[in-house]
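The structure appears below as structure tokens.
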Amino acid sequence: MKKEFFFEVQTQWKKGQFRNHKTHTSIIEGKKDIIVSAAREFKGDKNEHNPEDLLLSALSSCHMMSYFYVCQQHGIDVLEYTDKVSGTLLLNEDASGAFQKVILNLEVLILDAQQIDIATKLHEEAHQLCFIANSVNFAIDIKPIVKGS
């Protein structure tokens, strides 16, 4: 049975509110506001989050949560998880652009070293389940390193 979920974010900008004219606020009811600006490369405030960083963060977080889910299903105890995600954005001559590729560089420490092979393979299953990965149209490479304690 399919289920539908609804999410809502309000973007708010007011002339003169911030020093940089591309800086604005993302408001999600009941949560801390997020100050967002354009990336430094696009004349934004380098000290604030930008949409490109937030997209990479969303991909990384979603993969991690999906991975934890499949590890739990297989009885794998994850002790540590680190992802250094990177992405390549191609800017076209007409100023449009898009991410071409994102790489998840994962390091995972699990309790039982005998489960390293299955824990490594489960990244593929996690990728298939990840809501954000299923919502984008660019390549996502997953490069996991799994170690046992």
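A quick note: this is a predicted structure, and the numbers were derived from the prediction, not measured.
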Seminar exercise, completed: d(T82 OG1, M64 CE) to nearest 0.5 Å is 10.5 Å
Problem set entry | Point-to-point distance, once rounded to the nearest 0.5 Å, from CG of L129 to CD of E124 | 12.0 Å
Seminar exercise, completed: The remaining residues in the hydrophobic cluster of F131, counting side-chain heavy-atom contacts under 4.5 Å among Ile, Leu, Val, Met, Phe, Trp and Tyr, are none
Exercise. Taking ILVMFWY side chains as joined if any heavy atoms are under 4.5 angstrom apart, and letting links pass through other members, which residues group with I145?
Worked result: none
Exercise. Relative to each other, are the rings of H123 and Y81 parallel, tilted or perpendicular (30° and 60° limits)?
Worked result: tilted
Only pairs under 3.5 Å count here: list side-chain donor-acceptor contacts from residues 1-18, not counting sequence neighbours, and write none if there are none.
from: W13; atom 1: NE1; to: H21; atom 2: O; distance (Å): 2.9

Exercise. Which residues satisfy the side chain to side chain donor-acceptor pair (under 3.5 Å) test with D94, sequence neighbours excluded?
Worked result: S96
Problem set entry | Heavy-atom pair of closest approach, residues P144 and T120 | CG-CG2, 4.1 Å
Problem set entry | Closest non-hydrogen atom pair, N134 against Q128 | ND2-O, 3.1 Å
Distance-only criterion, 3.5 Å: show the donor-acceptor pairs between side-chain atoms of residues 68-77 and protein atoms not counting sequence neighbours.
from: Y69; atom 1: OH; to: Q73; atom 2: NE2; distance (Å): 3.0
from: H74; atom 1: ND1; to: V70; atom 2: O; distance (Å): 2.9

Problem set entry | Stepwise side-chain contact (heavy atoms from CB on, under 4.5 Å) check, N20 with E48 | CA-CA 10 Å; N20 185 295; E48 302 298 348; over 6 Å; no
For this session: Mind checking the CG-CD1 spacing from N137 to I140? Nearest 0.5 Å is all I need.
Result: 10.0 Å
For residues 35-46, run the donor-acceptor check on the side chains, cut-off 3.5 Å, and write out each pair with its distance to 0.1 Å, sequence neighbours left out.
from: S37; atom 1: OG; to: T23; atom 2: OG1; distance (Å): 2.9
from: S37; atom 1: OG; to: D45; atom 2: N; distance (Å): 2.9
from: D45; atom 1: OD1; to: N47; atom 2: N; distance (Å): 2.9

Solution key, residues 99-113 side-chain donor-acceptor pairs under 3.5 Å, sequence neighbours excluded:
from: Q100; atom 1: NE2; to: A98; atom 2: O; distance (Å): 3.1
from: K101; atom 1: NZ; to: D141; atom 2: OD2; distance (Å): 3.0
from: N105; atom 1: ND2; to: K84; atom 2: O; distance (Å): 3.0
from: D112; atom 1: OD1; to: Q114; atom 2: N; distance (Å): 2.9

Seminar exercise, completed: Taken in chain and number order and not counting sequence neighbours, the residues that satisfy ring-ring contact (aromatic ring centres under 6.0 Å, His included) with H127 are none
Indicate every side-chain donor-acceptor pair of residues 50-60 with a distance under 3.5 Å to a residue at least two apart or in another chain.
from: N50; atom 1: OD1; to: E52; atom 2: N; distance (Å): 3.0
from: N50; atom 1: OD1; to: D53; atom 2: N; distance (Å): 2.8
from: N50; atom 1: ND2; to: D53; atom 2: OD2; distance (Å): 2.9
from: S60; atom 1: OG; to: D83; atom 2: OD2; distance (Å): 2.8

